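Since the model is a prediction, treat every value here as computed from it, not as a measurement. Remember, it's 1-based here, ligands and their atoms both numbered in the order they're listed.
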Amino acid sequence: MGNVSSRAWNDILVTLRQRNPELSRPWLAGLEPVELANGVIRVQASTSAHHHYLTQQCQTAFNEAAQQVTGRLVTLEFLPPPTRELTDQPLSFEADEVPLNSDYTFPNFVTGPCNQLAHAACVGATDSPGRVYNPLYIHGSAGLGKTHLLQAVCHELRTKGCDKVLYLSCETFTNHFVEAIERGAMHQFRFRYRHVDALVIDDIQFLAARERSREEFFHTFNNLYQAHKQIILSGDEAPNGIPSLEDRLISRFNWGLVVRIDPPCLETRMAILRKKAGLRCAQISEDVIHFIAATVESNTRELEGALTKVLAMSQQCGGVIDLTIARKALADHIATPIRQIGITDIVEAVTECFGVRLADLQGKRRNRSIALPRQVCMYLARELTSLSLEEIGGYFGGRDHTTVLHATRTITDQREQDPKLQQSLQELLDRLRRRLV
Ligand code: ADP
Ligand code: MG
């Protein structure tokens, strides 16, 4: 038995990063081998989420990197984190629940106007579980970060030493329930679900289809609620928008806080891309970030997929990441109709909506009746076209790129506070999109 020198281990990490940049995570740097025996390097993970990630996604890549560095047929074994002292509970809460994704933490979550409230609510629920927002219900369409936030809460609660945090998909709850009935093990089932500090269930809309599970969930909910245990749920709709969810559940979900996550605006999409690129240890210039964010606007999952495509394409092209590579990687997305909105469409819609003329927008006047529509144009051009800041500034009377940046920030802030502006923007967006069909 021996150990791997820290230099060799460092080389293994560097090699892994070079060969498989997509697997690289900042926390890998904190891993240390505990022993080397019979050609097996044992490395201990510090959390079960890290352990899951290492065993499920990195095993082969690590073996290959270790073999390349040592020139020998060594392999890696990832050990789970040291187990905590067993309490008097006979049940293991880690046994068959969904493992948490180690990337879905609060520091890795980017906030913007679209998700600020949901984020704050999750942080609040983490700070005083069961006290402030109970239940907490997060909703929004697919790919907007619900699972990420729910899992971030679980990571955080566990870090704080809260062991009995149960995170699961609605499907797992239903499966466990059905299995418990079949095996006559309802007692264990109830014990398991009612002795938690926090119950976090993802995609609760799937509960709607199962009447008996709904009934059981109703009792579980009441039990936990009365005991001041934190309940967090996510769904693709607000509680009253989920078909066939009965009123008593809808009203209970509304007892606490219900928050919606909206699709991210351009600025937030750009910030998310920067964060995801950082997580993959990739350096990407701002023009490429802007290009990807302007091209892919459907949801964050797609945005991340686009980033992966660009990184993969750049790897094939010797590691360069520039606009040409990005355009090539996202050729399919660029063909989508939304890209065909031009600056003239925007100007036409805005001049009509605000009753101003193009000459005013391109002119020097800066009173609010002209400045606001001009800023709206710049904002929409950033959101809907892939024109650069300079190009947009140039179009509106040769203005500087910082003016455009300022305009988009101003409108992003103001739309939050001004319902009238928010409505005008929505109408403009609808109108511009309608043109394409
Ligand atoms: P949902 O559960 O709402 O369908 P997910 O939580 O699975 O969405 O998010 C899809 C992907 O987008 C995940 O990889 C997640 O990390 C990422 N994501 C979503 N929102 C954000 C955000 N605000 N900051 C960073 N990553 C995000
Ligand atoms: Mg999800």
The test is salt bridge (charged side-chain N to carboxylate O under 4.0 Å, His left out); show your working for Arg183 and Glu179 and say whether it passes. CA-CA 6 Å; Arg183 292 216 204 141; Glu179 201 184 312; 3.0 Å; yes
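Of all protein N/O/S atoms, those under 2.8 Å from the Mg ion (ligand 2) are Thr147 OG1, and waters are not counted.
Looking at Asn20, its side chain never comes within 3.5 Å of a backbone N or O of Leu23 through a donor-acceptor pair. A distance-only check finds a donor-acceptor pair linking the side chain of Gln230 to the backbone of Tyr133 [under 3.5 Å].
Within 6.0 Å of CD in Gln422 there are more than 12 heavy atoms belonging to other residues, nucleotides or ligands. Residue Arg214 places its CZ atom among more than 12 non-hydrogen atoms of other residues, nucleotides or ligands, all under 6.0 Å distant.
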Just the distances, no angles: every ligand 1 N or O to protein N or O pair closer than 3.5 Å, one line each.
{"residue": "ligand 1", "atom": "2 (O)", "partner": "Thr147", "partner atom": "N", "Å": "2.9"}
{"residue": "ligand 1", "atom": "2 (O)", "partner": "Thr147", "partner atom": "OG1", "Å": "2.7"}
{"residue": "ligand 1", "atom": "3 (O)", "partner": "Leu144", "partner atom": "N", "Å": "3.3"}
{"residue": "ligand 1", "atom": "3 (O)", "partner": "Gly145", "partner atom": "N", "Å": "3.1"}
{"residue": "ligand 1", "atom": "3 (O)", "partner": "Lys146", "partner atom": "N", "Å": "2.9"}
{"residue": "ligand 1", "atom": "3 (O)", "partner": "Lys146", "partner atom": "NZ", "Å": "2.8"}
{"residue": "ligand 1", "atom": "4 (O)", "partner": "Gly143", "partner atom": "N", "Å": "2.7"}
{"residue": "ligand 1", "atom": "4 (O)", "partner": "Arg301", "partner atom": "NH2", "Å": "2.8"}
{"residue": "ligand 1", "atom": "6 (O)", "partner": "Lys146", "partner atom": "N", "Å": "3.4"}
{"residue": "ligand 1", "atom": "6 (O)", "partner": "Thr147", "partner atom": "N", "Å": "3.1"}
{"residue": "ligand 1", "atom": "6 (O)", "partner": "His148", "partner atom": "N", "Å": "2.8"}
{"residue": "ligand 1", "atom": "7 (O)", "partner": "Arg301", "partner atom": "NH2", "Å": "2.9"}
{"residue": "ligand 1", "atom": "8 (O)", "partner": "Gly145", "partner atom": "N", "Å": "3.0"}
{"residue": "ligand 1", "atom": "8 (O)", "partner": "Arg301", "partner atom": "NH2", "Å": "3.4"}
{"residue": "ligand 1", "atom": "14 (O)", "partner": "Tyr104", "partner atom": "OH", "Å": "3.3"}
{"residue": "ligand 1", "atom": "14 (O)", "partner": "Glu304", "partner atom": "OE1", "Å": "2.5"}
{"residue": "ligand 1", "atom": "16 (O)", "partner": "His148", "partner atom": "ND1", "Å": "2.7"}
{"residue": "ligand 1", "atom": "16 (O)", "partner": "Lys276", "partner atom": "NZ", "Å": "2.7"}
{"residue": "ligand 1", "atom": "23 (N)", "partner": "Val110", "partner atom": "O", "Å": "2.7"}
{"residue": "ligand 1", "atom": "23 (N)", "partner": "Asn115", "partner atom": "ND2", "Å": "3.2"}
{"residue": "ligand 1", "atom": "24 (N)", "partner": "Val110", "partner atom": "N", "Å": "2.8"}
{"residue": "ligand 1", "atom": "26 (N)", "partner": "Lys276", "partner atom": "NZ", "Å": "3.3"}

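Side-chain contact check for Glu391 versus Ser388: some heavy-atom pair is nearer than 4.5 Å.
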For residues 115-122, dump all side-chain donor-acceptor pairs below 3.5 Å to protein atoms at least two apart in sequence or in another chain.
{"residue": "Asn115", "atom": "OD1", "partner": "Gly112", "partner atom": "N", "Å": "2.9"}
{"residue": "Asn115", "atom": "ND2", "partner": "Val110", "partner atom": "O", "Å": "3.1"}

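In terms of the salt bridge (charged side-chain N to carboxylate O under 4.0 Å, His left out) criterion, Arg212 has no residue partners (sequence neighbours excluded).
Judged by the 6.0 Å and 45° rule, Arg327 forms a cation-pi pair with Phe291.
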